There are 2 protein chains.
Amino acid sequence: MKIQLSELDRKILRAVQDNSARSMAELGNVVGLSASACHRRLKSLEDRGLIAGYGATLDRRQLGFAMQFFIEVSLVSQSEPVLEAFENAVRAIPEILECHLMAGQSDYILRVVCRDAEAFAQLHRELVARLPGIARVHSNMSIREVKPYAGLPV
Amino acid sequence: MKIQLSELDRKILRAVQDNSARSMAELGNVVGLSASACHRRLKSLEDRGLIAGYGATLDRRQLGFAMQFFIEVSLVSQSEPVLEAFENAVRAIPEILECHLMAGQSDYILRVVCRDAEAFAQLHRELVARLPGIARVHSNMSIREVKPYAGLPV
DNA sequence: ACAACAATGCGCATCGGCGTACCGAGAGAA
DNA sequence: TTCTCTCGGTACGCCGATGCGCATTGTTGT
């Protein structure tokens, strides 16, 4: 069954995705509804599983993570145990914020943050050293976030 | 001046990054503090600019964005007007969630979501058609999120 | 060592926002 | 028309956020 959303629902999702610290009254003003109606619709959206969670976005720079990388990794083998070992290692490294299994040239893309070049060098060494199946590692550093993460185009 | 954080502050940041819907009392239980002390520390963290904002994470699948891509783009020229035009176009396309200017082989990396293959084909066409300076476009589809976005390792 | 001050945690009081119950308006079917 | 279903608004009780005063601890200077 396909989920149908009214324009009001989509407005609420946009508003809440952008800023979840608003009070219901403020949210109501934004989307053009009373606080209680807003609350009801938002609750319904949560119950239907459209909202995965609420969280704070921390300031990467302020916290000293000056560098950000997208690392492409290819493995020598796509056999199950090799992938399994790689993925478990990835999940255990906190500097790796994200990991995607890819279709295309590379097998994986990782998003990584580091405090400085030294930390990156160490992480890089750790990646290649710890994981036996690695065939190729291409690191690409982000120079500037042209468009910082924007929410889903609801 | 370097910002110094106590272990308590880091605990609060971790907790709030993971889930900002908790009450102060709950947050206090998590980090081992009273609600009022928690509130004061959190307020201080906000005032010092360590928290960029609060937001809801929407469920990509539920909202019908079945596909996710990382697109690498190279331009024929790195001249300022070309970059400028490209970046403005990127910012105007809502399906492009993120855009980074990169050091390395490719000039840009885009993160893109699409409802289906058709929508992706159209977006792809739009990208290459609209932007005169494009030399190369490599699309990589994410098959599986091995590690979904985890917060900064505070 | 001790005094003074800063830092920080806790408890309490107050006030505002959340969540619910109820009411009314509008649309659609019989 | 009238019944009903949906949905938004209003009213209100209660919980949680927020600010304050006090206590305790740690640090610094003499």
Side-chain angles (χ1 to χ4, degrees), chain A residues 1-65 94 115 151-154, chain B residues 1-65 151-154:
Chain A
M1 148 207 168
K2 183 111 173 283
I3 290 185
Q4 205 61 294
L5 290 178
S6 73
E7 178 56 28
L8 272 172
D9 287 324
R10 265 179 276 118
K11 268 189 190 171
I12 291 177
L13 285 177
R14 275 194 294 270
V16 158
Q17 182 177 38
D18 179 59
N19 177 7
S20 64
R22 277 188 272 247
S23 73
M24 282 297 157
E26 286 174 299
L27 185 59
N29 279 337
V30 172
V31 305
L33 230 56
S34 78
S36 70
C38 245
H39 178 256
R40 208 177 357 225
R41 292 198 96 102
L42 183 57
K43 179 99 185 353
S44 157
L45 291 169
E46 289 172 356
D47 291 344
R48 281 185 278 170
L50 290 162
I51 296 179
Y54 296 92
T57 305
L58 307 187
D59 190 298
R60 186 165 59 81
R61 303 302 178 89
Q62 291 280 342
L63 286 163
F65 297 100
R115 302 192 170 276
L152 293 173
V154 188
Chain B
M1 148 204 170
K2 184 112 172 284
I3 290 184
Q4 205 62 293
L5 291 178
S6 73
E7 178 55 28
L8 271 172
D9 287 324
R10 266 180 276 120
K11 268 189 190 173
I12 290 177
L13 286 177
R14 275 195 296 269
V16 157
Q17 182 177 37
D18 179 60
N19 178 7
S20 65
R22 277 188 271 247
S23 72
M24 281 300 157
E26 285 174 299
L27 186 57
N29 280 337
V30 172
V31 305
L33 230 57
S34 78
S36 66
C38 241
H39 178 255
R40 186 164 32 191
R41 293 200 96 101
L42 183 57
K43 179 101 189 345
S44 158
L45 291 169
E46 289 171 357
D47 291 344
R48 280 184 279 171
L50 290 162
I51 295 180
Y54 296 92
T57 305
L58 307 187
D59 189 298
R60 187 165 59 80
R61 304 301 179 91
Q62 292 280 342
L63 285 164
F65 297 101
L152 294 174
V154 189

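In what follows, chains carry the letters A, B, and so on, assigned in the order in which the sequence lines appear, proteins first and then strands, with residues in each chain numbered from 1. Since the model is a prediction, treat every value here as computed from it, not as a measurement.
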Worksheet entry | Polar side-chain atom of Arg10(B) near backbone of Pro153(B) as donor-acceptor pair, under 3.5 Å |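 Between the backbone of Pro153(B) and the side chain of Arg10(B) there is no qualifying donor-acceptor contact (under 3.5 Å).
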Worksheet item: Between Arg22(A) (side chain) and Val30(A) (backbone), is there a donor-acceptor pair under 3.5 Å?
Response: no
Practice prompt. Treat primed atoms plus P, OP1 and OP2 as sugar-phosphate and everything else as base, then score nucleotides 16-23 of chain D 5' to 3': B for base contact with protein heavy atoms under 4.0 Å, S for sugar-phosphate contact only, - for none.
Written response: SSSB----
Atom-to-atom span, [atom1] of [X] to [atom2] of [N] - whole angstrom:
X: Glu7(A); N: dC7(D); atom1: CD; atom2: C1'; value: 17 Å
X: Arg41(A); N: dG9(D); atom1: CZ; atom2: P; value: 10 Å
X: Leu33(B); N: dA7(C); atom1: CG; atom2: P; value: 17 Å
X: Ile12(B); N: dT8(C); atom1: CD1; atom2: C1'; value: 12 Å
X: Leu42(A); N: dC7(D); atom1: CG; atom2: P; value: 16 Å

Worksheet item: With a non-hydrogen cut-off below 4.0 angstrom, is Leu8(B) in contact with a base, only sugar-phosphate, or nothing?
Response: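 Sugar-phosphate, no base atom in range.
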Discussion item. Just to be sure I understand the rule, does Leu27(B) reach a base, reach only the sugar-phosphate, or reach nothing, if contact means heavy atoms closer than 4.0 Å?
Written reply: nothing
Worksheet item: Is the shortest side-chain N to carboxylate O distance from Lys43(B) to Asp47(B) below 4.0 Å?
Response: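 Answer for the salt bridge query: yes.
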Worksheet item: Can you name the nearest heavy-atom pair linking Val154(A) to Leu58(B), along with the distance?
Response: CG2-CD1, 3.5 Å
Item to complete: Could you tell me which non-hydrogen atom of Gln62(B) sits nearest to which non-hydrogen atom of Arg48(A), and how far apart they are?
Response: OE1-O, 3.8 Å
Discussion item. Under 3.5 Å, is there a donor on one side chain and an acceptor on the other for Ser6(B) and Asp9(B)?
Written reply: yes
Worksheet entry | Side-chain touch Ser44(B)/Arg40(B), heavy atoms, less than 4.5 angstrom | no
Discussion item. Would you say that Leu45(A) contacts Val16(A) through its side chain, given a criterion of any heavy-atom pair below 4.5 Å between the two side chains?
Written reply: no
Worksheet item: When the C1' atoms of the five terminal pairs at each end define the local axes, what inter-axis angle does the helix from dA1(C)-dT30(D) to dA30(C)-dT1(D) show, to 10 degrees?
Response: 30°
